[in-house]
Asker: 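A single structure is presented below for examination.
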Amino acid sequence: ALRSGHVWQGRAGRGGPRGRGERLLAVSGGKFGDRWGEIAAALGCEVSFLRCEPGRPIDPAAVAERVAAEQPAAALVRAVYRLSDVFDAI
């Protein structure tokens, strides 16, 4: 599952990290994505990172490859606001 939303939503059972030991893939294009992964790790999740160049779109093939290889419970992805002119095709 790809999850885009606030990482704290999981504490209320609505889509974020659910707890200790859950394996997650944090797809990061900068500080926001890095912070999501750090927060999930602090909550006890096992987090691996797929870092993308800041300001560049996420490569959907790279995400699919990592998800297939690692089988995480979810992939955390950053939200991109339209004002940034960056389009993520995932």
Side-chain angles (χ1 to χ4, degrees):
L2 289 176
R3 295 182 184 162
S4 181
H6 198 281
V7 72
W8 295 112
Q9 288 175 337
R11 304 323 280 169
R14 290 187 301 258
R18 293 188 194 112
R20 298 197 166 284
E22 184 176 45
R23 289 190 350 231
L24 304 175
L25 173 63
V27 182
S28 175
K31 292 183 184 285
F32 188 70
D34 285 349
R35 186 69 180 136
W36 266 16
E38 291 165 2
I39 291 169
L43 293 171
C45 297
E46 297 176 23
V47 182
S48 67
F49 287 87
L50 172 59
R51 289 191 168 90
C52 307
E53 184 180 341
R56 304 292 303 162
I58 295 168
D59 178 5
V63 175
E65 182 179 306
R66 289 285 295 274
V67 167
E70 298 179 14
Q71 297 294 305
L76 305 173
V77 296
R78 62 181 166 74
V80 176
Y81 298 99
R82 189 71 182 134
L83 296 174
S84 70
D85 290 333
V86 174
F87 177 75
D88 284 316
I90 60 170

Asker: For residues Leu25 and Pro72, report the shortest heavy-atom separation together with the two atoms involved.
Answerer: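 Closest pair (atom of Leu25, atom of Pro72, distance): N-CB, 3.8 Å.
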Asker: Does the side chain of Arg23 reach to within under 4.5 Å of the side chain of Gln71, using non-hydrogen atoms?
Answerer: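 Yes - at least one pair of side-chain heavy atoms lies under 4.5 Å apart.
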Asker: Quick one: does Glu70's side chain get under 4.5 Å of Ser48's, heavy atoms only?
Answerer: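 Side chain of Glu70 against side chain of Ser48, heavy atoms only: contact under 4.5 Å found.
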Asker: Hey, does Leu76 have a side-chain heavy atom less than 4.5 Å from the side chain of Val27?
Answerer: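 A side-chain contact under 4.5 Å is absent here.
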Asker: To check you understand the geometry: which heavy-atom pair defines the closest contact between Ser28 and Gly33, and what is its length?
Answerer: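 It is OG-C, 3.5 Å.
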Asker: Has Arg51 got its NZ or CZ under 6.0 Å from the middle of the six-membered ring of Phe49, at an angle within 45 degrees of the ring axis?
Answerer: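 Relative to the ring axis of Phe49, which defines the angle, Arg51 lies inside both limits.
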Asker: To the nearest 0.5 Å, what is the distance between CG on Leu50 and CG on Asp59?
Answerer: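 Leu50 CG to Asp59 CG: 8.0 Å, rounded to 0.5 Å.
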Asker: Minimum heavy-atom separation for Leu43 and Arg20, please, with both atom names.
Answerer: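 Scanning both residues, the minimum pair turns out to be O-CG, 3.8 Å.
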